[in-house]
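What follows is a set of notes on a single structure, which appears directly below.
In what follows, every heavy atom counts, from backbone to side chain, and hydrogens, waters and symmetry copies are set aside. Just so you know, ligand 1 is whichever comes first in the structure, and atom 1 is the first atom listed for that ligand.
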Amino acid sequence: MLAKQRRKQDHHDDIAIDVEQLSLRFGDKVALRNISLQIPKQSITAIIGPSGCGKSTLIGCFNRLTDLNPEAKVSGNVYINGRNIYHAKQNVPALRTQVGMVFQQPNPFPISIYENVVYGLRIKGITDRRILDDIVERSLMQAALWEEVKDILFQSALKLSGGQQQRLVIARALALEPDILMLDEPTSALDPISTLMIEELIFQLKEQHTVIVVTHNLQQAARVSDQTAFLNNGELIEYSSTDVMFTMPLEQQTEAFITGRFG
Ligand SMILES: Nc1ncnc2c1ncn2[C@@H]1O[C@H](COP(=O)(O)OP(=O)(O)OP(=O)(O)O)[C@@H](O)[C@H]1O
């Protein structure tokens with residue numbers, strides 16, 4: 001019975017995140033209004049929309065980061081790999097391992113590069129040096145940072161450039177082998193070359209992960225994503241393949257936004 005309750009009946013194996021009539025209020029303020037969408041596995045989804053439209057709040061529902069705000073009241077459902085993550089029995093720390101998150105400002109810890117990557121593994125109780133070494137190498141390679149740091153692994157992460165720090169933070173998330181990686185404006189604090197490196201990295205990550213990118217940069221959404229969700233004022237206005245969204249949007253609001261007439 002419990003399994004039945006927790007597992008969505010019409011779950012498709014190729015859907016990573018299934019959002020059903022999701023609404024969220026902060027006190028009296030409605031931040032998300034009745035959002036439904038399905039995010040396919042091993043694809044890149046861009047979330048766009050004007051400042052304050054609810055992009056960060058939406059992805060914060062996918063790993064229950066919004067739980068940290070006592071004012072936030074959620075209704076509706078979010079299924080990840082067919083499981084309802086708002087079910088009372090959901091293990092929230094495990095969810096946040098499965099659904100990794102990278103923020104706008106690179107936020108490495110003031111410890112070595114190596115210790116940054118293994119941080120979450122140590123919390124999980126992994127102490128075997130060989131296992132940790134292997135995961136450090138693999139994660140830094142996946143994050144396209146290994147060649148630059150392999151000889152300075154025990155130097156402070158704070159000595160790295162902003163772009164390197166952001167790739168380190170991505171490596172730290174990848175070390176936990178998340179199914180889903182969410183990046184909230186990952187390049188807005190970076191120079192154009194670092195931005196390009198992160199975009200190439202995002203593109204490669206989809207071979208093994210489902211990637212969600214919140215971005216203010218419409219060219220970036222068009223360059224990297226398979227599908228795009230356009231939010232305005234807490235509502236999902238349009239959700240379609242990125243090609244369609246940027247060439248023949250269905251909604252006037254979308255067209256106005258992508259042609260720079262508002263937002
Ligand atoms: N902790 C909070 N308490 C109250 N209201 C909040 C809180 N966080 C966000 N909001 C409000 O919810 C709405 C959505 O905010 P959110 O940060 O999700 O938007 P966004 O689209 O990510 O914006 P931006 O592009 O500027 O980062 C905004 O009106 C914001 O003021």
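Distance from atom 25 (O) of ligand 1 to its nearest protein heavy atom, with residue and atom name: K55 NZ, 2.7 Å. When only non-hydrogen protein atoms are considered, atom 1 (N) of ligand 1 lies nearest to N69 ND2, 2.7 Å. Counting only heavy atoms of the protein, atom 6 (C) of ligand 1 lies nearest to F26 CD1, 3.3 Å. The closest protein non-hydrogen atom to atom 26 (O) of ligand 1 is S51 OG, 2.5 Å.
The pair E148-R167 counts as a salt bridge, with a side-chain nitrogen and a carboxylate oxygen less than 4.0 angstrom apart.
More than 12 heavy atoms of other residues, nucleotides or ligands shown are found within 6.0 angstrom of CZ on R33.
Listed by atom number, the atoms of ligand 1 under 4.0 Å from T57 heavy atoms are 14 (C), 15 (O), 16 (P), 18 (O). Less than 4.0 angstrom separates some heavy atom of A31 from each of these atoms of ligand 1: 12 (O).
Nearest to atom 22 (O) of ligand 1 by heavy atom, out of S56, C61, P70, is S56. For atom 28 (C) of ligand 1, the candidate residues are P50, G54, G52; the nearest heavy-atom contact is made by G52. Proximity annotation for atom 29 (O) of ligand 1: of K29, E185, E71, K29 comes nearest, heavy atoms only.
At a cut-off of 3.5 Å, with distance as the only test, a side-chain donor of T215 or Q220 sits close to an acceptor on the other residue. For the residue pair S188 / Q104, a side-chain donor-acceptor distance below 3.5 Å is found, with atom types taken as modelled.
Contact annotation: C53 has at least one heavy atom less than 4.0 Å from an atom of ligand 1.
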Would D179 and K41 count as a salt bridge (charged side-chain N to carboxylate O under 4.0 Å, His left out) here? Give the steps.
CA-CA 9 Å; D179 290 334; K41 286 182 181 166; over 6 Å; no

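From F230, atom CZ reaches atom CD1 of I48 across 6.5 Å, with rounding to the nearest 0.5 Å. Taking CG of N107 as the reference point, atom CG of N116 lies at 9.0 Å (rounded to 0.5 Å).
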